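Note sheet for the following structure.
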Amino acid sequence: MASLRTDLVLLTEWIEPGKHVLDLGCGNGALLVHLREKRQITGYGLEIDDHNITQCIQSGINVIQTDLDKGLSDFEAGAFDYVVMTQTLQAIRHPGKLLQEMLRIGREVIVTFPNFGHWQARLSLALGHMPLSRALPNHWYDTPNIHLCTLADFEDLCDALKIEILQRAVVDPAHKSSLLMRLLPNLMGEIAVYRLKKSTK
Amino acid sequence: MPEKIPDNSVGLVTPQRQSFAQALKLDCGRSLPEYELIYETYGTLNAQASNAVLICHALSGDHHAAGYHSLEDRKPGWWDSCIGPGKPIDTHRFFVVSLNNLGGCKGSTGPNTPNPVTGKLYGADFPMVTVRDWVESQARLAASLGIQQWAAVIGGSLGGMQALQWTLQYPEQVRNAVVIAAAPKLSAQNIAFNEVARQAILSDPDFHAGRYYEHDTVPRRGLMLARMLGHITYLSDDAMRAKFGRELREGKLNFGFDEAEFQVESYLHYQGRSFVDRFDANTYLLMTKALDYFDPASLHEHDLTRALAGVKAKFLVVSFTSDWRFSPARSREIVQALLRNRKTVSYMEVTANQGHDAFLLEIPQYINGFSAYMQHVAREAEQHG
């Protein structure tokens, strides 16, 4: 198997062994395969794309063909230990609502998304163009991303929705997390990784 | 007649028969003292008997699922698109068993076979059979073939209900269930359609309370109407529009009731007429009742999650977006109950505009996903050996 995306490697560290995991927008199942091997998890992937579904089935991953924009009402509250969504939040019609749904069905939620506040994105905009980068590879006219945000924006949303941030990390697609990234995450981080739960406050 | 039998066909096949002398107690309270099942097999059973797959048929299906009975056959078996060398149910790897269900009219004991007690054809005296009864009879067939555990039990529509029932009734004997275009129970609307079909048959003057064989006739009009109604519900609105639109057979209106004017009428007449020649009205009545009665959750306070708590099989559940007779929502009920029990399940919701009929068609997304799943089943069967 090709090497795993940086954000996926990182979030694997955050998942305790033997837990029940739901992966929203699971793609070809790579993360679930990885978690099954490294963390002995059980669980399911939700995916909409036909080709990805076939690949998941080939890998022996439990995959449920679902349109995430139609919500998660098929799932009971607290059904999963972790609900994971990687690089998909920005393509969802109602990200806030979906986050709340994820927190309803999962004890903890892990999300990753491209940081629109990264300096390259800011520079592109300063020069008059929508960003194009490793983390944001599509032109504005053919991107699935309709709700891009910065770390600061995301954290504002968490505040408004009473979501507690348990852990945050930023990485770049080359697997690196430098001191600069830790000091200036919203400027230097290309990909954001968050672990969340419902605030008890 | 096929020009030449295609390479990916199972080729010429010959049905086989198995008699069962031990009485079968049925859900309805009656028993069949003895019975016979007709079936076909494709592929080879391996030494460990770990590669056997059972095909369960739908309302009007039978044991002839793949290949040809003779070179004169116009069409292969009803699921030839999915059974054969290199097809999703790959006969290079699996030993496939396909039978005609009890109460059928294609060779297994049913209304058109003799009642051993009277010596006359059963007719309306044939007892009501349920999906559970079928699974019981199929389990006996499995035993007679030396199969202790199916690598997979597979079916579409009413066949999918049998696959699901297998996992409840004999959880240890099914490693995988493929449940296609099915439902955990019929809706009121579905039962209503079945009742109209039954009334069409029952009210035909040639029905003679099910004893039409003795009157040397068949309730042609009733069975034809029942089938016409069925066909409307197996197609989607879009598929009908695409296939027939408002096309007229003669290009003009005739202002009369005598002939089919619109192409869609002609299609329904043809389907109805050809069905009468190959199907038995009493069997049609029995099959629709088996559909209506199927409701495994009813034994668990109508809680499907509880009903499925004990299943051991892994599942592939498939539905088709334009199927309104067995809609995706019905398949998702099965998926949901399995998820809540943390069972192993994958679900495909295939985008298709052909309605319920889609489960018999070669739709790439469906065939690819189904093949991927069955390859997994095959590998598992080989390891099991």
Side-chain angles (χ1 to χ4, degrees), chain A residues 18-33 35-36 39-84 101-102 104-107, chain B residues 88 152 175-181 184 303-306 313-321 323 328-352 358 363-381 383:
Chain A
K19 298 292 186 186
H20 200 49
V21 178
L22 183 68
D23 183 2
L24 308 190
C26 67
N28 64 7
L31 175 65
L32 286 167
V33 168
L35 289 174
R36 191 174 59 187
R39 288 289 181 270
Q40 296 78 46
I41 58 107
T42 57
Y44 306 93
L46 305 186
E47 177 56 45
I48 193 166
D49 177 73
D50 300 339
H51 183 65
N52 279 337
I53 299 270
T54 301
Q55 286 197 305
C56 286
I57 293 174
Q58 257 156 8
S59 306
I61 290 298
N62 290 326
V63 64
I64 310 296
Q65 193 155 27
T66 311
D67 180 356
L68 294 179
D69 280 332
K70 293 197 175 142
L72 300 172
S73 56
D74 276 2
F75 296 94
E76 287 176 303
F80 295 90
D81 297 308
Y82 299 98
V83 178
V84 178
E101 270 292 273
M102 291 167 74
R104 178 182 67 81
I105 63 177
R107 197 167 50 80
Chain B
R175 281 201 298 280
N176 293 273
V178 181
V179 178
I180 304 168
D303 183 344
L304 188 63
T305 304
R306 278 181 49 198
K314 297 184 278 292
F315 281 77
L316 174 65
V317 179
V318 184
S319 72
F320 300 89
T321 50
D323 184 352
R330 300 280 84 75
S331 284
R332 281 202 301 268
E333 287 172 23
I334 300 172
V335 173
Q336 200 178 69
L338 292 166
L339 286 172
R340 288 182 176 178
N341 284 304
R342 300 195 174 186
K343 303 295 181 187
T344 300
V345 53
S346 283
Y347 170 62
M348 288 199 294
E349 194 165 300
V350 179
T351 304
I363 298 164
Q365 176 196 353
Y366 165 46
I367 299 295
N368 292 343
F370 189 10
S371 290
Y373 191 83
M374 291 310 294
Q375 281 161 23
H376 218 74
V377 175
R379 281 196 295 275
E380 190 186 68
Q383 282 158 15

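Chain identifiers are assigned alphabetically (A, B, ...) following the order of the sequence lines, protein sequences preceding nucleic acid strands; residue numbering begins at 1 within each chain. What you see is a predicted model; the values in this text were computed from it and never measured.
- Only the side chain of A:I53 has a heavy atom closer than 4.5 Å to any heavy atom of chain B.
- Your options are A:T66, A:I61, A:T54, A:I57, and the one with the most heavy-atom pairs under 4.5 Å with chain B is A:I57.
- Annotation: the span from B:M348 atom CE to A:D50 atom CG amounts to 9.0 Å, rounded to 0.5 Å.
- Contact tally against chain A (heavy-atom pairs below 4.5 Å) for B:R340, B:E333, B:R379: the top residue is B:R340.
- Interface remark: B:L338 contributes backbone atoms only to the contact with chain A (heavy atom separation under 4.5 Å).
- Rounding to the nearest 0.5 angstrom, the gap separating the NE2 atom in B:H376 from the CD atom in A:Q58 is 10.0 Å.
- We find the CG-CD1 distance between B:D323 and B:I180 to be 12.0 Å, quoted to the nearest 0.5 Å.
- For B:E349, the parts lying near chain A are the backbone and the side chain together; criterion is any non-hydrogen pair under 4.5 Å.
- Side chains of A:Q55 and A:E47: a donor-acceptor N/O pair is absent below 3.5 angstrom, by distance only.
- For chain A, the nearby part of B:V335 is the side chain; its heavy atoms alone come within less than 4.5 Å.
- Under the 30°/60° scheme for interplanar angles, the aromatic rings of A:F80 and A:H20 are found to lie parallel.
- Heavy-atom distances place no part of A:I48 under 4.5 Å from chain B, backbone and side chain included.
- Formation of a donor-acceptor pair under 3.5 Å by the A:E101 side chain with backbone atoms of A:G71 is not found in this model.
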